[in-house]
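A short write-up of the structure that comes next.
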2 protein chains.
Amino acid sequence: MSQSLRKPEIIKIARREGRVTVDGLVDHFGVAPQTIRRDLTELADSGKLERVHGGAVLPSTTTNIGYSERRELNQPAKVDIARVCAAQIPNDCSVFLNIGTTTEAVAAELLHHQGLLVVTNNINIAMILSQNHSIEVVVTGGNLRRSDGGLIGDLATQTIRQFQFDYAVISCSALRENGDLMDFDIQEVGVSKTIIAHSEEVFLVADGSKFERKAPARIASMAQVDLFVTDLPLSPACASFCETSGTKVLYA
Amino acid sequence: MSQSLRKPEIIKIARREGRVTVDGLVDHFGVAPQTIRRDLTELADSGKLERVHGGAVLPSTTTNIGYSERRELNQPAKVDIARVCAAQIPNDCSVFLNIGTTTEAVAAELLHHQGLLVVTNNINIAMILSQNHSIEVVVTGGNLRRSDGGLIGDLATQTIRQFQFDYAVISCSALRENGDLMDFDIQEVGVSKTIIAHSEEVFLVADGSKFERKAPARIASMAQVDLFVTDLPLSPACASFCETSGTKVLYA
DNA sequence: GTAAAAATGTTCGTTTTCGCTCGTTTTTCG
DNA sequence: CGAAAAACGAGCGAAAACGAACATTTTTAC
């Protein structure tokens, strides 16, 4: 399929409005109706939209709109971080991956590894890793959180307690200057704490935007993290905290 | 502006705006279009951007999963069986759905129900049911079986033992004339036995082709099933067995 | 200071996109 | 049901964008 600058924006509008019209897009982009029709036809052919007379609608199977938008947010940075993180994980070891778009990116990078045992409480990660037949995938139980495919609650922690991981890759909703890892969901906090307690090496993946966000629940301190992979330089305060607590920092 | 500073800035703009145009960058940097094209091509080669006619956009990781599943779900016989089975399940109750394409079809039919608590060891079912916000979805832990998205092993049975279900919908790999339910995977047998032991009402969904197949491991007897939904008439032997064991039979 | 190397600008032939026309299909409305 | 109106897809020419090759400028290394 040929590409165009308009198509991503058409999809964005479709996800926001639920549908798009040829006329509306003609006004929006200032192009001829035929051009819009061509775009819609091609988007429909590739399964991104469903063509209807006069416009197009979202395919009926599209769920988690908010999530998929968030997943694309800052994606290149996440992939860079993920690549650096995955490079620190050897073959033939056990790894835990928890909830988060950045950890999903790590899962995608891990597809090139071999002989891994990966345990995850993220359904999307399980789907991603099922492509590699040399990776044994174990899913924790738990209540399914629709917003991001995460499995949380008591069942999840129960499962995790039965393992001891060589490596854990975790993320968080927000980071504070004093080195605290924060999260929105109190249930997820319990899971993350359990993961840290059952892992030899804890890797934290988080892009720089996490420093600008606030979240209510405290997961842990950076001191409990062995390796922190991020994209932007840390503030002096945070950098010195990592220094004294022995947390290694890698930049993507 | 020197060359080394231009590419990071292009990425910064792309992340902020979601897309960049050649013309826009020519104005922004005051260089020739060809230079911008070179930059964009190199950024695209390294995976940071996705090149399109007239500019570039952030790489999209939109993955459309579930094509193959949906195809299988559309097999008319399975859908008919699923519809009949789903009609026997009331709103506001707890249901277990196990592995199998027919049970997946049941999940699709249950999308119209409300107030359900559904526990499943099938990742595809979890994805399907996540579309209905009035259904609480719980996933059992377990080793992921790539062939069908099933979660099996000790972790799965452990989880199931913690529940007592109003209804369980199960399937099997094969059916014998004497009323035995058979399966290919010994690990799955353990799961199915546990499900039956922890459910008030057990529904079996299986199309007629199951009678023509052989499988090595015995799950249970039809006598432990309360309702059997199928598409083709049973053999006289099997029908009389159901009669004496009190198993109700429904035809789709 | 000079030469090599890298980056940038220019030209030009090729490819892609876009808008127009026109005949066909779908929808709307009496 | 049937006709008018809207929407649609195919084909075509013009315009824009593209990439390759080469000339020119800037940076780097000695």
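Keep in mind the model is a prediction, meaning the values are calculated, not measured.
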Only pairs at least two apart or in different chains count here, so list each salt bridge (Lys or Arg N to Asp or Glu O under 4.0 Å) that has a residue in residues 105-114 of chain A.
->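 Every pair satisfying salt bridge (Lys or Arg N to Asp or Glu O under 4.0 Å) with a residue in residues 105-114 of chain A: A:Arg83-A:Glu109.
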Counting only non-hydrogen atoms, which of residues 19-27 of chain A are less than 4.0 Å from DNA chain D?
-> A:Val22, A:Asp23
Where at least one partner belongs to residues 110-136 of chain A, residue pairs that pass ring pair (Phe, Tyr, Trp, His ring centres under 6.0 Å), sequence neighbours excluded |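 Every candidate ring pair (Phe, Tyr, Trp, His ring centres under 6.0 Å) pair involving residues 110-136 of chain A fails, so no pair, neighbours aside, qualifies.
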For [X], enumerate each residue passing the side chain to side chain contact (heavy atoms under 4.5 Å, CB included) test, keeping only those at least two apart in sequence or located in another chain.
X	result
B:Ala32	B:Thr35
B:Asp148	B:Ile99, B:Arg145
A:Thr103	A:Asn98, A:Ile125, A:Val169, A:Ser171, A:Val205

Measure [atom1]/[X] against [atom2]/[N] and give the value in whole Å, please.
X	N	atom1	atom2	result
B:Ile36	C:dG9	CD1	C1'	12 Å
A:Glu42	D:dG9	CD	C1'	13 Å
B:Asp39	D:dG19	CG	P	12 Å
B:Lys7	C:dA6	NZ	C1'	12 Å
A:Leu5	D:dA16	CG	C1'	13 Å
B:Arg37	C:dC12	CZ	C1'	13 Å

Distance check: side-chain N/O of A:Arg6 vs OP1/OP2 of C:dT17, anything under 4.0 Å?
->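 It does not, given that no N or O in the side chain of A:Arg6 lies less than 4.0 Å from OP1 or OP2 of C:dT17.
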Would one find a side-chain N or O of B:Arg51 under 4.0 angstrom from OP1 or OP2 of C:dT16?
-> no
For the helix from C:dG1-D:dC30 to C:dG30-D:dC1, what angle lies between the axis at the first five pairs and the axis at the last five pairs, to 10 degrees?
->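 It works out to 50° between the end axes.
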Ring pair (Phe, Tyr, Trp, His ring centres under 6.0 Å) against A:Phe203, all qualifying residues, sequence neighbours excluded | A:Tyr167
Results of ring pair (Phe, Tyr, Trp, His ring centres under 6.0 Å) for A:Phe165 - residues two or more places apart only | A:Phe96, A:Phe163
Just how far is it from atom CG of B:Leu25 to atom CZ of B:Arg6, taken to the nearest 0.5 Å?
-> 9.5 Å
What residues, two or more places apart in sequence or in another chain, satisfy salt bridge (charged side-chain N to carboxylate O under 4.0 Å, His left out) together with A:Asp183?
-> none
Go through the structure and list residues passing salt bridge (charged side-chain N to carboxylate O under 4.0 Å, His left out) with A:Arg176, not counting sequence neighbours.
->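 Checked A:Arg176 against salt bridge (charged side-chain N to carboxylate O under 4.0 Å, His left out); matches are A:Asp180.
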How does protein reach along nucleotides 19-26 of chain C, written 5' to 3' as B (base within reach of a heavy atom under 4.0 Å), S (only sugar-phosphate), or - (no contact)?
-> BBB----S
Let me know which of A:Ile170, A:Ile219, A:Val249 forms a side chain to side chain contact (heavy atoms under 4.5 Å, CB included) with A:Leu204.
->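 Exactly one candidate clears the test, A:Ile170.
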